[in-house]
**Student:** 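Right, I'll just put the structure down here and ask away after.
Along the sequence shown, residues carry numbers from 1.
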Amino acid sequence: MTTRHLYLARHGAANAFGELTGIGHRQASLLGERLSGVPVDAVWHSPLSRAVASAHELARHLPDVPVTEAAELVDHVPYVPSAAETPPSWAGFFDGYDDTEAASGQRLAEALVARFAKVPDTTAEGARPDTHEVLVTHAYQIAWLVRHALDAPPSRWLGLNSANTALTVIEYRSGLPPTIVMFNDMSHLPADLRWTGFPEGMRP
């Protein structure tokens with residue numbers, strides 16, 4: 001059975017200008033060490049600088065693995081819920097999102113799923129080898145892929161938070177629904193590097 005293994009990671013901690021901090025570099029390096037035991041075929045990253053730097057930092061532990069930008073991984077709101085779908089704690093968050101912006105975000109979200117949330121493509125020889133790919137992206141994009149894997153309503157991406165360089169793994173197999181192997185796992189980080197980028201009130 002052919003399997004596509006997606007290793008999803010939010011970028012490392014960044015400053016107010018969106019640049020990776022020293023902590024973010026350490027987090028990304030530790031994630032790279034963890035992934036060094038995986039037969040990674042490719043590292044894909046968002047076009048934003050904090051994701052680019054994180055991808056290249058972790059890739060130092062993955063010799064000869066190509067590191068490539070994927071526009072679909074950029075940070076954006078994947079789905080703007082209706083008022084009835086919006087939890088009270090998110091009230092007001094989507095004020096100012098017009099129909100054009102919402103439609104653009106949804107198109108990007110659909111492109112993200114179409115490109116990555118599927119079994120590997122068939123090779124020229126007709127085979128479908130297993131693949132292992134790392135996606136360095138943002139919290140909303142990880143939430144959207146997890147929501148899709150669970151076949152949950154579109155608004156359920158809300159509240160699925162990911163800490164900086166936390167690891168989420170989803171597997172896609174031929175003829176089966178996706179499997180979430182792990183979500184927001186930070187076991188590669190020491191205690192002082194965990195939970196950055198996570199809402200303060202939600203940290204355990």
Side-chain angles (χ1 to χ4, degrees), residues 2-14 27-28 31 34-35 38 40-48 50-51 54-55 58 70-82 85-87 89-90 93-94 102 105-120 130-189 194-199 201-204:
T2 303
T3 304
R4 184 177 207 164
H5 307 263
L6 284 190
Y7 303 84
L8 311 174
R10 186 180 178 184
H11 57 81
Q27 291 170 324
L31 177 58
R34 177 174 183 176
L35 293 171
V38 175
V40 176
D41 299 296
V43 175
W44 303 92
H45 62 76
S46 155
L48 300 183
R50 55 193 182 275
S54 297
L58 71 85
E72 297 90 343
L73 296 173
V74 73
D75 195 12
H76 69 278
V77 170
Y79 175 79
V80 177
S82 66
E85 296 173 295
T86 305
S89 60
W90 285 78
F93 181 83
F94 299 103
Q106 195 156 358
R107 282 194 299 271
L108 268 174
E110 290 168 356
L112 172 64
V113 167
R115 181 169 182 179
F116 291 108
K118 61 181 182 178
V119 296
D130 286 0
T131 61
H132 297 259
E133 297 161 89
V134 178
L135 275 55
V136 182
T137 183
H138 308 272
Y140 293 172
Q141 283 54 62
I142 295 169
W144 187 252
L145 288 170
V146 169
R147 179 220 62 82
H148 174 267
L150 293 172
D151 197 23
S155 62
R156 285 298 292 120
W157 72 271
L158 297 171
L160 290 174
N161 294 295
S162 290
N164 294 121
T165 71
L167 188 62
T168 293
V169 181
I170 306 177
E171 293 179 349
Y172 301 87
R173 293 183 176 88
S174 305
L176 291 174
T179 298
I180 297 177
V181 178
M182 65 177 66
F183 174 71
N184 197 45
D185 185 86
M186 291 172 275
S187 58
H188 51 286
L189 300 174
R194 295 179 183 178
W195 300 110
T196 65
F198 215 77
M202 298 180 66
R203 299 184 186 188

**Student:** Do any N or O atoms from the side chain of His45 and from the backbone of His11 form a donor-acceptor pair under 3.5 angstrom?
**Tutor:**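 The answer is no, because no donor-acceptor pair under 3.5 Å joins these two groups.
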**Student:** Working to the nearest 0.5 Å, report the span between CZ of Arg10 and CD1 of Ile142.
**Tutor:**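 Separation between the atoms: 8.0 Å.
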**Student:** Please name the pair of heavy atoms, one in Gly197 and one in Asn164, separated by the smallest distance, quoted to 0.1 Å.
**Tutor:**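 Gly197 and Asn164 have their closest heavy atoms at N-OD1, 3.3 Å.
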**Student:** Any donor and acceptor pair, going by atom type alone, linking the side chain of Asn161 with main-chain N or O of Phe198 inside 3.5 Å?
**Tutor:**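 Answer holds: no.
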**Student:** Keeping the roles fixed (side chain from Glu133, backbone from Trp44), state whether a donor-acceptor pair exists under 3.5 Å.
**Tutor:**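 Between the backbone of Trp44 and the side chain of Glu133 there is no qualifying donor-acceptor contact (under 3.5 Å).
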**Student:** Closer than 3.5 angstrom, by distance alone: can the side chain of Asn184 be matched with the main-chain N or O of Ala163 as a donor-acceptor pair?
**Tutor:**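 Flag set: sc Asn184 to bb Ala163 pair under 3.5 Å.
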**Student:** His5 vs Tyr7 aromatic rings, parallel, tilted or perpendicular, using cut-offs 30° and 60°?
**Tutor:**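 Geometry flag for Tyr7 against His5: parallel rings.
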**Student:** Looking at Leu108 and Ala71, what are the two nearest heavy atoms and their distance?
**Tutor:**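 The pair with the smallest heavy-atom distance is CD2-O, 4.2 Å.
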**Student:** Short question: side chain of Arg50, backbone of Ala14 - any donor-acceptor pair under 3.5 Å?
**Tutor:**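 Absent.
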**Student:** Can you tell me if Thr131 and Asp41 form a side-chain donor-acceptor pair at under 3.5 Å?
**Tutor:**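 Side-chain D/A pair, Thr131 to Asp41: absent.
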**Student:** Would you say the side-chain atoms of Thr168 pair up with the backbone N or O of Leu8, donor to acceptor, closer than 3.5 Å?
**Tutor:**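 No.
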**Student:** Within the side chain of His76, is there an N or O that forms a donor-acceptor pair under 3.5 Å with the backbone of Val74?
**Tutor:**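 A pair under 3.5 Å: yes.
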**Student:** Keeping Ser54 on the side-chain end and Gly12 on the backbone end, is there a donor-acceptor pair under 3.5 Å?
**Tutor:**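 Flag set: sc Ser54 to bb Gly12 pair under 3.5 Å.
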**Student:** State, to 0.1 Å, how close Val80 and Ala102 come at their nearest heavy-atom pair, and which atoms those are.
**Tutor:**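 Nearest heavy atoms, Val80 then Ala102: CG2-CB, 3.7 Å.
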**Student:** Below 30° counts as parallel, above 60° as perpendicular, anything between as tilted: where do the rings of Trp90 and Phe93 land?
**Tutor:**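 Because their plane-to-plane angle is over 60°, the rings of Trp90 and Phe93 count as perpendicular.
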**Student:** Between Ser46 and His138, do the side chains contain an N or O donor and an N or O acceptor separated by less than 3.5 Å?
**Tutor:**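 Looking only at side-chain atoms, His138 and Ser46 do form a donor-acceptor pair, the distance falling under 3.5 Å.
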**Student:** Which atom pair, heavy atoms only, marks the closest approach of Met186 to Ala166?
**Tutor:**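 Taking every non-hydrogen atom into account, CG-CB, 3.7 Å.
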**Student:** Counting only N and O atoms by type, is there a donor-acceptor contact under 3.5 Å from the side chain of Trp157 to the main-chain atoms of Tyr79?
**Tutor:**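 Yes; judged by distance alone, with no hydrogens or angles, the pair exists.
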**Student:** For the CZ atom of Phe94 and the CD atom of Glu85, what is their distance to the nearest 0.5 Å?
**Tutor:**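 The CZ atom of Phe94 sits 9.5 Å away from the CD atom of Glu85.
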**Student:** Looking only at heavy atoms, what is the nearest atom pair of Val119 and Ser174, with distance?
**Tutor:**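 Reported closest heavy-atom pair: CG1-N, 3.3 Å.
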**Student:** Which value, rounded to the nearest 0.5 Å, describes the distance between Thr137 atom OG1 and Glu72 atom CD?
**Tutor:**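 It is 10.0 Å, given to the nearest 0.5 Å.
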**Student:** Given Leu150 and Arg156, is the side-chain contact (heavy atoms from CB on, under 4.5 Å) satisfied, shown in steps?
**Tutor:** CA-CA 10 Å; Leu150 293 172; Arg156 285 298 292 120; over 6 Å; no
**Student:** First locate atom CG of Leu145, then atom NE2 of His148, and finally report the distance between them rounded to the nearest 0.5 Å.
**Tutor:**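 Atom-to-atom, Leu145:CG and His148:NE2 are 8.0 Å apart.
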**Student:** Is the shortest side-chain heavy-atom distance between Val146 and Ile170 below 4.5 Å?
**Tutor:**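 They are in side-chain contact.
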**Student:** Any chance you could measure Leu167, atom CG, to Leu35, atom CG, to the nearest 0.5 Å?
**Tutor:**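 If we round to the nearest 0.5 Å, Leu167:CG and Leu35:CG are 6.0 Å apart.
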**Student:** Rounded to the nearest 0.5 Å, what separation is found between the CG atom of Leu73 and the CZ atom of Arg115?
**Tutor:**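 The CZ atom of Arg115 is 7.5 Å from CG of Leu73, to the nearest 0.5 Å.
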**Student:** For Thr165 and His188, which heavy atoms make the closest approach, and how far apart are they?
**Tutor:**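 The pair with the smallest heavy-atom distance is O-NE2, 2.9 Å.
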**Student:** In the structure I gave you, are the side-chain heavy atoms of Asp185 and Arg34 within less than 4.5 Å of one another anywhere?
**Tutor:**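 Yes; the side chains approach each other to less than 4.5 Å.
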